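Keep in mind the model is a prediction, meaning the values are calculated, not measured. Throughout, protein chains are lettered first and strands after them, A, B, ... in sequence-line order, and every chain is numbered starting at 1.
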Amino acid sequence: MMRHIHALGRATLDIVSSIGRAGLFLIQSIVCLPSREGFHLWVRQMHFVGVMSGAIVLVSGLFIGMVLALQGFTILVGFGADEALGQMVVLSLVRELAPVVAALLFAGRAGSALTAEIGLMKATEQLTSMEMIGVDPLRRIVAPRLWAGFVSLPILTVMFAVVGIWGGYLVGVDWLGVYEGSYWSNMQDSVDFVDDVLNGMIKSLVFGLVVTWIAVFQGYDLIPTSEGISRATTRTVVYASLAVLGLDFVLTALMFGDLG
Amino acid sequence: MDDPIMVEVKDLHFSRGNTDIFRGVDLQIPLGKITAIMGPSGTGKTTLLKLIGGQLVPDRGQVLIDGQDVHQLSRRSLFKLRRRMGMLFQSGALFSDLDVFENVAFPLRVHTELPNAMVRDIVLMKLQAVGLRGARHLMPSELSGGMARRVALARAVALDPDLVLYDEPFVGQDPISMGVLVQLIKKVNQALGLTAVMVSHDIKETLSIADYVYIIADGKVMAHGTPQTLDVNDDAHVKQFVHGEPDGPVPFHYPAPDFFDDILAPAGQFS
């Protein structure tokens, strides 16, 4: 019995200290003065974290939009409401699917790569040697990646939503024969900029920060062995995905909980 | 030792988990000399270097560099102090996304405002000194172990530091690379008037270039002196280590139950 209590206490202490370290880590890396050098490093990371994730996000967005239209149509047509397909596609995408699915894809593609990259730098003593040269790796390695993730995920989310809406159009209008005018006009009437678009963007900003934070912290904090890197990479994807889904519920409750 | 002291380690205690690594280590590193810290594997020599560089914090004791207590400095002041230090890592620790030239230029670019032409001249001079000017466009993955360590040496001295820390510089080198590195470290040290701390267990090479040697074992300084005095030291630990005897106070066998009992243990009692 005492052993279990001991183990529970130890696990709790580990979790609390890990959260504390992660919090300090975030503050130390994100609070820094902008510099020309920092800007160049950020641009390079925008390419690696953002641009390189573009293809997977676009393809996924297209398919999700197409599936959404197909499923939506089969349900709506039963009520004779297939005219409302545009509204269903756009609200599902802008409010939920674009921020969440883009963040999950981002965690899998960019998050795991960031963890592995920083972890390998740690294992090969590159971070230590940078510290010994008198350069803070939090500023030089971590900060540009954090900012790149924070900025690029909302952009990827917009791309996801736009391509998704187009995918919905291809299936709904071109294939299933929904009237084009009602697809677009229902969409236009039902979307509110603040309630839908802005809230979706806020979600993706939060997800961008959380996913990148988890990824860089896991890389920076891992045990520098091959097993340590593999575990940390897995942890990044699992923690980031769970954090995105959990936070999505909290944010949705806050944003849309009193609309009904 | 009458030379002025650059680094002073006082009553250093450090432990990892329940294992004591150091139990009261005192060292004095003289200015402008090569001081070697030697000892069997696993005695914490690299840990000592990390404590001197401020990467680890001791449980007790002090590390003073030029009179400044390394572990009392703020993060900013510590990074400022480190600009006066160079460190050669066991693995080289070159930045894998930069080529040889940019690796050596890195400290110059981040710590000085020198124009590009001057950075280029300094980098080429440093690379020329380690014989790798022609390899400046290669990436770290294209270098052999010995070349990587030479590039790392050029990077460690790029800012003409006051203090250079060498972590096992000769490990895993073929005889030619080893000879080249020994000569290079000696020449670079003499030419730049550096203070060097070298952690190593390669006895012959280290004793050939060190001015002063500390031998560490069991968490303490076991002996210290010039290479000549250590060579004739009568202490059993020192003799075993300096003359490379396989068995002695440091046993060949890791602690284990009796060999005979172990072999004849009945099935089901195997551990």
Region of [X] that comes under 4.5 Å of a non-hydrogen atom in chain A:
X     : result
B:L94 : backbone
B:M85 : both
B:R76 : neither
B:R75 : side chain

For [X], is the [atom1] atom crowded, meaning more than 12 foreign heavy atoms sit under 6.0 Å from it?
X      : atom1 : answer
A:L254 : CG    : yes
B:R109 : CZ    : yes
A:R235 : CZ    : yes
B:M118 : CE    : no

- side-chain contact (heavy atoms from CB on, under 4.5 Å) between B:D97 and A:E117: does it pass, once the steps are laid out? CA-CA 11 Å; B:D97 56 337; A:E117 187 192 18; 5.9 Å; no
- Among A:E125, A:E131, A:M130, A:Q126, which residue forms the greatest number of heavy-atom pairs with chain B at distances under 4.5 Å? A:Q126
- Could you give the distance from CD1 (A:I133) to CZ (B:F79), rounded to the nearest 0.5 Å?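 Rounded to the nearest 0.5 Å, the CD1-CZ separation comes out at 11.0 Å.
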- Message: Tell me which of these, B:A156, B:A93, B:A152, B:G86, has more heavy-atom pairs under 4.5 Å with chain A than the rest.
- Response: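 It is B:A93.
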- Heavy atoms only: give me the nearest B:V110-A:R140 pair and the separation to one decimal.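 Minimum heavy-atom contact is CG1-NH1, 3.8 Å.
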- Message: Does B:L165 form a side-chain contact (heavy atoms from CB on, under 4.5 Å) with A:M132? I'd like the steps, not just the answer.
- Response: CA-CA 10 Å; B:L165 309 172; A:M132 287 306 296; 4.0 Å; yes
- Query: A:M121 versus chain B, heavy atoms under 4.5 Å apart: side chain, backbone, both or neither?
  - Reply: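 Nothing of A:M121, per the 4.5 Å heavy-atom cut-off to chain B.
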- Neighbourhood of chain A inside residues 50-66 of chain B, taking heavy atoms under 4.5 Å as contact: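 From residues 50-66 of chain B, the residues near chain A are B:G53, B:Q55.
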